[in-house]
Visitor: 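Take a look at the following structure, please.
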Amino acid sequence: MNMKRKRLFRVITYAVCIMMAGFVYGIFVNYTGFAIPCPFRTVTGLKCPGCGVTGMCLALMQLDFQAAYRCHPMLFILLLPLGAVCVRSAANYIEDGSWQTNRWQKTILYASIILLTGYGVIRNFG
């Protein structure tokens, strides 16, 4: 098996494992109502920039895009550009074995961090 095929198989394997873990966790939360609590919110009483992600993912599993947006509007908006960064990074890895990101990918990642952090602050104090 050549290197590109091995790397493709590795990327597909990791992606499937991550999706399956999320799917199993989503089913567990959906049927039991128990979810991993946010340690930041537990300690401070404030919502972290990631609070609402579980609800958004559960809504996406049911293809309820409005509910997903209501759970975490900023991350919902950023799903497409962040997904593009992930797909492009995986394609780079498959092609040449490097996970390095280019300028536009870094720009999207840094902008996403800034937007999510700002959103986390604004929704608590705004």
Side-chain angles (χ1 to χ4, degrees):
M1 187 183 283
N2 67 23
M3 288 306 294
K4 283 186 184 181
R5 278 196 161 158
K6 285 182 181 179
R7 289 191 293 258
L8 174 62
F9 181 75
R10 190 176 297 146
V11 166
I12 291 171
T13 301
Y14 289 156
V16 168
C17 287
I18 290 168
M19 289 190 311
M20 289 301 295
F23 188 70
V24 168
Y25 178 67
I27 290 171
F28 175 79
V29 171
N30 213 17
Y31 283 103
T32 65
F34 296 111
I36 299 170
C38 174
F40 183 82
R41 190 165 187 184
T42 301
V43 171
T44 66
L46 300 172
K47 292 181 179 180
C48 78
C51 282
V53 171
T54 299
M56 183 187 79
C57 290
L58 289 172
L60 287 174
M61 285 174 64
Q62 298 172 356
L63 301 178
D64 187 349
F65 299 110
Q66 289 179 341
Y69 179 81
R70 284 192 304 272
C71 288
H72 202 301
M74 183 59 66
L75 187 57
F76 184 81
I77 291 168
L78 292 173
L79 280 178
L80 188 61
L82 289 173
V85 168
C86 289
V87 168
R88 184 66 185 140
S89 295
N92 286 344
Y93 172 72
I94 292 165
E95 187 63 33
D96 61 18
S98 169
W99 283 102
Q100 291 199 356
T101 54
N102 63 28
R103 183 183 218 161
W104 71 265
Q105 290 170 300
K106 288 178 184 175
T107 301
I108 290 172
L109 291 172
Y110 292 138
S112 296
I113 290 168
I114 291 166
L115 289 169
L116 286 168
T117 303
Y119 173 75
V121 170
I122 290 169
R123 74 173 169 176
N124 284 306
F125 301 112

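Note that these values count all heavy atoms, side chains included, but never hydrogens, waters or copies made by symmetry.
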Visitor: Tell me whether Gln62 contacts the main-chain N or O of Ala59 through its side chain, where contact means a donor paired with an acceptor under 3.5 Å.
Guide: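 The answer is no, because no donor-acceptor pair under 3.5 Å joins these two groups.
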Visitor: For the CG atom of Leu79 and the OG atom of Ser112, what is their distance to the nearest 0.5 Å?
Guide: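 OG of Ser112 is found 10.0 Å from CG of Leu79.
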Visitor: Are the side chains of Asp64 and Leu58 in contact, using a 4.5 Å heavy-atom criterion?
Guide: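 No, their side chains stay 4.5 Å or more apart.
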Visitor: State, yes or no, whether a side-chain contact exists between Thr42 and Pro37 at a heavy-atom distance under 4.5 Å.
Guide: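 Yes, their side chains come closer than 4.5 Å.
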Visitor: Search all heavy atoms of Tyr119 against all heavy atoms of Pro73 and return the closest pair with its distance.
Guide: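 For Tyr119 versus Pro73, the nearest heavy atoms are OH-CD, 3.1 Å.
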Visitor: Please check if Met56 and Met61 belong to a single hydrophobic cluster, counting links between Ile, Leu, Val, Met, Phe, Trp and Tyr side chain heavy atoms closer than 4.5 Å.
Guide: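 Result: no, two separate clusters.
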Visitor: Are the side chains of Arg41 and Cys48 in touch, meaning some heavy atoms are under 4.5 Å apart?
Guide: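 A side-chain contact under 4.5 Å is absent here.
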Visitor: Do Leu82 and Leu109 come close enough that some side-chain heavy atom pair is under 4.5 Å?
Guide: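 In short, these two side chains touch, coming nearer than 4.5 Å.
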Visitor: Do Phe40 and Leu46 come within less than 4.5 Å of each other through their side chains, counting heavy atoms only?
Guide: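 Counting from C-beta outward, Phe40 and Leu46 do come under 4.5 Å.
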Visitor: Kindly work out whether a path of hydrophobic side-chain contacts (I/L/V/M/F/W/Y, heavy atoms less than 4.5 Å apart) joins Val121 to Ile77.
Guide: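 Each belongs to a different hydrophobic cluster.
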Visitor: So, does Arg7 use its side chain to make a donor-acceptor pair with the main chain of Tyr93 at under 3.5 Å?
Guide: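 Flag set: sc Arg7 to bb Tyr93 pair under 3.5 Å.
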Visitor: Using the rule that Ile, Leu, Val, Met, Phe, Trp and Tyr join whenever any side-chain heavy atoms are under 4.5 Å apart, tell me whether Ile36 and Phe23 fall into a single cluster.
Guide: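 In one cluster with Ile36: Phe23, yes.
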Visitor: Give the ring-plane orientation class for Phe65 versus Phe76, where under 30° counts as parallel, over 60° as perpendicular and anything between as tilted.
Guide: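 Aromatic pair Phe65/Phe76 classed tilted.
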Visitor: About how many Å separate NZ of Lys47 and SG of Cys38, when rounded to the nearest 0.5 Å?
Guide: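 Rounded to the nearest 0.5 Å, the SG-NZ separation comes out at 10.5 Å.
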Visitor: Could you give the distance from CD1 (Ile12) to SG (Cys17), rounded to the nearest 0.5 Å?
Guide: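 Output value for this atom pair is 12.0 Å.
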Visitor: Starting from Val85, can I reach Ile94 by hopping between I/L/V/M/F/W/Y residues whose side chains sit under 4.5 Å apart?
Guide: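 No, because Ile94 and Val85 fall into different hydrophobic clusters, even though each may have its own neighbours under 4.5 Å.
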Visitor: Given side chains that start at C-beta, do those of Met20 and Val16 come closer than 4.5 Å, heavy atoms only?
Guide: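 A side-chain contact under 4.5 Å exists here.
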Visitor: Between atom CG of Asn102 and atom CG of Asn92, what is the distance when rounded to the nearest 0.5 Å?
Guide: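 If I round to the nearest 0.5 Å, the distance is 7.0 Å.
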Visitor: Tell me if the OH atom of Tyr69 is crowded by more than 12 foreign heavy atoms within 6.0 Å.
Guide: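 Open: at most 12 neighbouring heavy atoms sit under 6.0 Å from OH of Tyr69.
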Visitor: Counting only N and O atoms by type, is there a donor-acceptor contact under 3.5 Å from the side chain of His72 to the main-chain atoms of Pro49?
Guide: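 Here the side-chain-to-backbone pair exists.
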Visitor: Group every Ile, Leu, Val, Met, Phe, Trp and Tyr by side-chain heavy-atom contacts under 4.5 Å, then state whether Leu75 and Ile114 land in the same group.
Guide: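 No, Leu75 does not connect to Ile114 through the hydrophobic network.
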Visitor: Calculate, to the nearest 0.5 Å, the distance between atoms CD1 and CD1 belonging to Ile113 and Ile108 respectively.
Guide: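 Going from the CD1 atom of Ile113 to the CD1 atom of Ile108 covers 12.5 Å.
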Visitor: Measure the spacing between SG of Cys57 and CG of Asn30 and express it to the nearest 0.5 Å.
Guide: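 So the gap between those two atoms works out to 12.5 Å.
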